[in-house]
Amino acid sequence: SDEDIDRALVCARRDSQGWRQYSETERGELLAKVARELRVSRGDLMGAAMADGGKIFTESDPEISEAIDFVEYYAATARDFRVLTSVREEGAGVVDVEPPWNFPVAIHCGGIAAALAAGNTVILKPASNTVLVAYELCKCFWRAGISKEVLQFVPCSGARGGARLVSSPDVDVVILTGGTDTALSMLEARPEMGLLAETGGKNATVVTAMSDREQAIKHLVASAFGHAGQKCSATSLLILEAEVYDDPKFKQTLCDAVQSLEVGSAWELSTRVGPCITAPDGDLARAQHELEEGESWAVQPKKTGSSPNLWSPGVKWDVAPGSYTHMTEFFGPVLGVLRAESLEHAIELVNQTGYGLTSGLESLDSREQELWRQKILAGNLYINRGTTGAIVLRQPFGGMGKSAFGPGIKAGGPNYVAQLMRFVDVPSEGSVDDTPVSNRDVESLREKLSALCASEQDMVNDVSRSDLQQVLRAIASYSAAYTSEFGVEHDSFRLLGQDNVRRYLPIRCNRIRVHQDDTAFDLFARVCAARVAGCQLTVSVPRDFQSAALSLLDALTESWGAAIEFVEESDDELAALIATSQTDRVRYASPSRVPRSVLRSVGATGIYIASTPVLLEGRIELLWYMMEQSISYDYHRYGNLGSRVGEERQAVL
């Protein structure tokens, strides 16, 4: 009831157990016990997922392993941020976890574990279709010693109770995994919401003429129809280069493979395609029953047996670019096939959907692989392997475009818990690191600021000298963080036969919004962070606004040329730019400085307004100027390592 929801909110805010004051050691010990409980409860959790969610055991078993990984990894990464001596941290407050039914253990557990590790109290609003699984999961946390006041289980409808939760000002952060429309409606209802959302996907696999075609089919069938196509990462579009599309043998082999899949109950060990969560309706039902002009069935879906939830997979051929099948997420066992004249054309078709969760490429040509890596717009990229089954740290998960809302920090990655914390700089004194900065523009600015700060005057060009000295410290920290973390590619595992690269991409169009309450540090530090990150940088200035810091910044960055642009625009003009997606991100220096009109404009596009206080610590501040991307590449071919046979790698465990 509404009263239950309100009591849960009061309880979470009060934190009568003092979870927010627990030491790092105490939290870590309890989360380690949770991981042990999950191991012991594997069978019960699998059984609940089969009974409540229709997941076959080969799908639910690895999900339990992922949940265990989340609990242990998030506890470790929270410690990594707490050992930073340059900042003080605390939890964000109250976190509402709104997970989906399709991963009723792992995604529920990941949100809970990250929020708890960061020092927050948690309300879990389980997916309505898999309440039993969520309850069994919560019991693991409770048995481990996490109290029912710290982690509250609040089953309710999304339309009523869930809406009341996410709209409450007592909720500091909402973790959502769900539909794009759901995320947009949440932001429209409460624009100031701290929303971290992984949303829909219209994921595509591209198969070129340079692929191993039989291997591609093997990967495709598993990626498209695992869990009856009900994974946000599932391949729902197959884009074939002309030579492959026109190859009758490829089409026949694909159809044979799809038709060989055993469709049935999750309780039957032979089943490979289990039931849909409910009888198909809406977009999925239309996709299963209707063909658009020019389309044909390569494999026609059919209801199987007496259950309205059991449907065999379908493959639509001759899908037209821009069509309903091309652009619409179905979330079920239907695969649309398009023809592309070239790899470049195929990439255009993929990016045209506006989603950007996962994407796959089947090609043995390294030149094609590199072209695709550089141009495809998606958060998780897979080369010569399936597009599902991301593993914690190995392939941190999260998307771009319509597939992500918030700062774009990936689940299962080293930065996820940071967005559930609040940081404050610790004042520092002493000498400033004068190590040259790799970015020439920022190095030029550093040299000029150093010369100005050499003066003993308290004010330099009417700007506080101490502010400018803090900017110099920030530049050094930003450069160090970029060199060690944000500007390099990471492969934490170096598995034999598989690359798993985590890398950062700069936010393309980043607007630094000036406010009358901004200090010189607030202004200079954001500009330097954006430039170090490699963003296309615009300084957005209110009309008729003047300040000594702004004038100094303009003068000192004159040599940057097109790398920085100063524009005058009102709050309403900025809001209109956001509403029409003419920028990719806006960075304010404080939440209190973001006007309501700008917040309301976000509900139409989901563009992220970064407004946490500006930090000197680059390991945290640079997060708001970058996007993460994961690339997983099976470079072996049937165990043959080719030219990479001599590389020093880990053994496959």
Side-chain angles (χ1 to χ4, degrees), residues 5 8-9 12 70 74 92-116 118 120-131 134 137 151-201 230-233 277 329 331 355-357 379 390 396-413 416-417 419-420 599 602-609:
I5 299 292
L9 289 165
F70 274 137
Y74 285 147
V94 176
V95 176
D96 172 29
V97 180
E98 302 263 340
W101 49 261
N102 60 334
F103 284 90
V105 178
I107 294 182
H108 289 61
C109 187
I112 295 168
L116 291 176
N120 303 284
T121 52
V122 182
I123 295 174
L124 173 67
K125 185 269 167 204
S128 297
N129 286 314
T130 50
V131 173
L137 173 68
L151 168 60
Q152 297 183 77
F153 178 69
V154 185
C156 56
S157 74
R160 184 175 176 182
R164 191 175 184 87
L165 273 173
V166 300
S167 63
S168 170
D170 284 324
V171 171
D172 297 285
V173 179
V174 176
I175 300 177
L176 169 72
T177 306
T180 301
D181 290 342
T182 302
L184 288 171
S185 64
M186 283 182 174
L187 288 172
E188 193 156 356
R190 187 183 165 212
E192 69 277 14
M193 178 187 301
L195 179 63
L196 310 177
E198 182 261 289
T199 52
Q230 298 172 121
K231 294 183 178 182
C232 51
S233 56
I277 192 68
E329 182 184 22
F331 217 71
Y355 292 98
L357 192 53
F397 191 76
M400 303 174 182
K402 294 191 295 184
S403 296
F405 293 81
I409 297 176
K410 287 177 169 289
Y416 191 77
V417 297
Q419 60 195 333
L420 299 167
L599 286 173
V602 171
T605 61
I607 286 172
Y608 182 57
I609 306 291

> Would you say the side chain of Y608 lies within less than 4.5 Å of the side chain of V602, judging by non-hydrogen atoms?
Replying inline: no
> Heavy atoms, side chains only, cut-off 4.5 Å: are D170 and V94 in contact?
Replying inline: no
> Please, which pairs that meet salt bridge (Lys or Arg N to Asp or Glu O under 4.0 Å) have at least one residue in residues 155-169, sequence neighbours excluded?
Replying inline: D2-R160, D2-R164, D6-R164
>> Could you check whether any side-chain N or O of Y355 sits under 3.5 Å from a backbone N or O of M400, counting only pairs where one atom can act as donor and the other as acceptor?
In response: no
> Do you know which two heavy atoms are closest between I175 and Y416, and how far apart they sit?
Replying inline: CG2-OH, 3.5 Å
>> Quick one: does any side-chain atom of K125 pair with a main-chain N or O of E98 as donor and acceptor, under 3.5 Å?
In response: no
> Got a donor-acceptor contact below 3.5 angstrom from the S168 side chain to the L165 backbone?
Replying inline: no
>> Please report the interatomic distance CG(L187) to CD(E192), rounded to the nearest 0.5 Å.
In response: 10.0 Å
>> Please enumerate all residues that pass salt bridge (charged side-chain N to carboxylate O under 4.0 Å, His left out) together with E188, with sequence neighbours excluded.
In response: none
> Do H108 and L124 come within less than 4.5 Å of each other through their side chains, counting heavy atoms only?
Replying inline: yes
>> To the nearest 0.5 Å, what is the distance between CZ on R190 and CG on L599?
In response: 11.0 Å
> Under the ring pair (Phe, Tyr, Trp, His ring centres under 6.0 Å) test, which residues partner F153, sequence neighbours left out?
Replying inline: Y135
>> Given 3.5 Å as the limit, does a donor-acceptor pair link the side chain of N120 with the main chain of L420, or not?
In response: yes
>> Show the nearest heavy-atom pair for residues P99 and A127, with the distance to one decimal.
In response: O-CB, 3.6 Å
> Just wondering, do I123 and L9 contact through their side chains at under 4.5 Å, heavy atoms?
Replying inline: yes
> What's the shortest heavy-atom distance between G398 and L357, and which atoms?
Replying inline: C-CD1, 3.9 Å
> Taking side chain as C-beta onward, heavy atoms only, is F405 less than 4.5 Å from T180?
Replying inline: yes
>> Nearest 0.5 Å, please: how far is CE in M193 from OG in S167?
In response: 7.0 Å
> Rounded to the nearest 0.5 Å, what separation is found between the CD1 atom of I112 and the CG atom of L151?
Replying inline: 5.0 Å
> Side chains of T121 and Q152: does their closest heavy-atom pair fall under 4.5 Å?
Replying inline: no
>> So F331 and P100, do their side chains get closer than 4.5 Å, heavy atoms only?
In response: no
> Between the side chain of T199 and the main-chain N/O of K402, is any donor-acceptor distance below 3.5 Å?
Replying inline: yes
>> On a heavy-atom basis, which atom in P396 and which in G412 lie closest, and how many Å separate them?
In response: CG-O, 3.8 Å
> Taking the side chain as C-beta and beyond, is there a heavy-atom pair between V131 and P104 under 4.5 Å?
Replying inline: no
> Does I277 offer a backbone N or O that forms a donor-acceptor pair with the side chain of Q230 under 3.5 Å?
Replying inline: yes
>> Looking at every heavy atom in both C156 and S128, which two are closest together, and how far apart are they?
In response: O-OG, 3.6 Å
> For G200, does its backbone N or O pair with a side-chain atom of E329 as donor and acceptor, under 3.5 Å?
Replying inline: no
>> Using the side-chain contact (heavy atoms from CB on, under 4.5 Å) definition, which of the options N129, T177, I107 pairs with W101?
In response: N129
